[in-house]
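What follows is a set of notes on a single structure, which appears directly below.
The sequence lines fix the lettering, A, B, ..., with proteins before strands; numbering per chain opens at 1.
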Protein chains: 2
Amino acid sequence: MAEIRTNDTRERILDAAERLFMTHGYEGTSMRQITGEASVNLAAVNYHFGSKEALMQEVFRRRLDWLNEERMRVLDEMEAEAAGKPLKPSQIVDGFFGTLLRMAGDEKRGGVTFLRLLGRTLTEPSEFIRAFLAHEYQTVMDRYKEALFKALPEVPKAEIVWRFHFMLGATSYAIAGTDALRLVTDWQIEDEDSTDRLDRLVPRLMSFLLGGLRAPLPQFSDAAAASN
Amino acid sequence: MAEIRTNDTRERILDAAERLFMTHGYEGTSMRQITGEASVNLAAVNYHFGSKEALMQEVFRRRLDWLNEERMRVLDEMEAEAAGKPLKPSQIVDGFFGTLLRMAGDEKRGGVTFLRLLGRTLTEPSEFIRAFLAHEYQTVMDRYKEALFKALPEVPKAEIVWRFHFMLGATSYAIAGTDALRLVTDWQIEDEDSTDRLDRLVPRLMSFLLGGLRAPLPQFSDAAAASN
DNA sequence: CTATGATTCATACGTTCGTTTGAATCATAG
DNA sequence: CTATGATTCAAACGAACGTATGAATCATAG
């Protein structure tokens with residue numbers, strides 16, 4: 001009696017929408033595709049969620065609520081243990097991006113499907129979902145940036161914010177494109193099966209992110225003010 | 001005599017489509033929006049391009065043809081000067097990503113609009129545009145990867161391919177989200193106006209990419225949690 | 001000038017979209 | 001059992017979609 005058909009209509013719709021939005025995007029997915037895949041009546045989406053937009057928000061909300069709480073919990077824990085001293089950058093990066101990436105292995109939390117949806121959505125600035133994501137992320141993002149400021153006091157804050165941005169991009173893309181865009185991965189990634197590839201993605205990406213975060217500061221061609 | 005057909009209608013359509021696809025995505029943009037913005041008749045798109053899909057491909061082709069030729073030219077030049085010796089990683093990264101980023105300042109080549117469109121499209125794996133991009137990119141991508149293999153002989157090739165992938169992501173995202181996603185940039189990017197911001201994005205991103213590319217190799221054993 | 005092909009135009013086609021409706025069915029409490 | 005509210009259902013709505021058509025207009029060669 002572990003996990004038998006507890007799927008009610010709501011969850012079947014959410015699962016189908018998550019998968020279809022990931023594959024075809026929000027605009028590219030129709031309600032009839034969603035209700036068809038979920039084997040529910042067309043009107044069920046509007047009955048349970050109100051609209052397609054509200055469905056999209058709920059798809060994100062049920063995953064992001066857990067993710068951001070977990071990120072907060074991890075950061076609280078690390079800061080409590082550090083007792084006021086700055087955290088190591090690797091700890092902070094792992095708390096934010098590692099927590100995200102480890103969702104990929106947790107099918108109960110959406111697995112790779114949700115991560116890819118999130119990755120592609122972050123570059124799709126449709127107004128309503130952007131506002132929603134910004135609101136969901138605001139608090140946890142600020143906490144992690146503050147932690148980075150404290151961990152890297154010698155780096156100008158603006159630089160840290162930019163590098164956080166770059167790290168988000170590398171991560172989104174690494175997830176969204178793991179097998180979507182074959183541009184890069186088609187060859188010379190020889191003998192790793194897909195679970196192996198996912199397991200190894202985390203340390204690979206972590207190394208890259210930390211290398212970028214701690215890179216030498218850029219030299220601007222014109223000597224301008226770069227205050228902290 | 002080479003007749004210069006200014007073909008105002010074609011270019012007005014391409015410009016409008018580029019801008020609208022960037023803002024609302026392919027599926028989220030209608031033909032009527034495009035022809036409305038371009039101030040041309042609705043039927044003009046199908047007359048000049050054949051279909052909406054063909055229009056999308058032409059939007060990319062007119063920019064990518066130049067970009068990839070330029071990337072090839074730059075790489076040829078650097079390799080000729082090196083006379084068989086490996087290039088520096090910074091040269092290679094600048095040839096590929098720097099050439100891309102410098103398009104942002106060249107309004108004649110699409111400027112930031114096209115770069116944002118490219119950035120968001122790379123995470124939108126709709127079948128027809130993905131196949132098209134993969135084909136457009138294949139040759140130049142392979143050349144640059146070979147150059148990196150030669151420049152970093154001590155790094156496993158699979159590692160380099162992954163890091164190329166991560167660099168692409170950070171770059172796409174940096175462009176696509178420069179003012180789209182305010183998640184990160186909303187605060188603490190104080191007094192830089194937008195041209196300043198763009199000028200400084202290049203060295204900032206370059207430092208980050210090179211730091212990531214040359215980061216210590218990841219440890220796959222479970223003795224992880226490496227130190228700062 | 002007229003003739004001819006290229007382009008633009010208004011209009012309409014058939015389809016699919018998100019949403020709504022009111023009746024049918026289900027679950028459960030009294 | 002009946003009553004009641006929640007849910008599911010088939011069907012339809014108007015709007016918007018990409019595309020097609022044939023006439024009108026334009027540019028240019030003879």
Quiz item: Any side-chain heavy-atom pair from B/V112 and B/M22 closer than 4.5 angstrom?
Solution: no

Self-check item: A/E11 CD to D/dT7 C1', straight-line distance once rounded to whole Å
Solution: 17 Å

Quiz item: Starting at the 5' end of DNA chain C, what dot-bracket string do you get if Watson-Crick and G-U pairs under 3.5 Å are bracketed, crossing pairs use [ ], other-strand pairs use | and unpaired bases use dots?
Solution: ||||||||||||||||||||||||||||||

Self-check item: B/K145 vs B/F96 side-chain heavy atoms within contact, under 4.5 Å
Solution: no

Practice problem: Grab the OH-C1' distance between B/Y47 and C/dG5 for me, whole Å please. | Solution: 9 Å

Quiz item: So do the side chains of A/R109 and A/E70 get within less than 4.5 Å of each other, counting heavy atoms only?
Solution: no

Quiz item: Can a side chain N or O of B/T9 be found less than 4.0 Å away from OP1 or OP2 on C/dT8?
Solution: yes

Quiz item: Looking at B/Y26, is B/K52 sitting on its ring face, NZ or CZ under 6.0 Å from the six-membered ring centre and within 45 degrees of the normal?
Solution: yes

Quiz item: A/E53 CD to C/dC17 C1': how many Å, rounded?
Solution: 14 Å

Practice problem: Summarise protein proximity over nucleotides 9-18 of chain D in one line of letters, 5' to 3': B for base, S for sugar-phosphate only, - for none, counting protein heavy atoms closer than 4.0 Å. | Solution: BB-B----BB

Quiz prompt | Side chain proximity check, A/H24 to B/E27, heavy atoms < 4.5 angstrom | solution = no

Self-check item: A/H48 NE2 to C/dT20 P, straight-line distance once rounded to whole Å
Solution: 15 Å

Exercise. Check whether any side-chain heavy atom of A/W66 sits under 4.5 Å from a side-chain heavy atom of A/M103, and report yes or no.
Key: yes

Self-check item: Side-chain touch B/R12/B/S39, heavy atoms, less than 4.5 angstrom
Solution: yes

Self-check item: Atom pair distance, as rounded to whole Å: CE in A/M56 and P in C/dC17
Solution: 17 Å

Practice problem: Report the C-alpha distance between A/E37 and A/R19 in whole Å, list the side-chain angles of each, state the deciding distance to 0.1 Å, and finish with yes or no for salt bridge (charged side-chain N to carboxylate O under 4.0 Å, His left out). | Solution: CA-CA 10 Å; A/E37 275 245 336; A/R19 192 167 50 250; 2.7 Å; yes

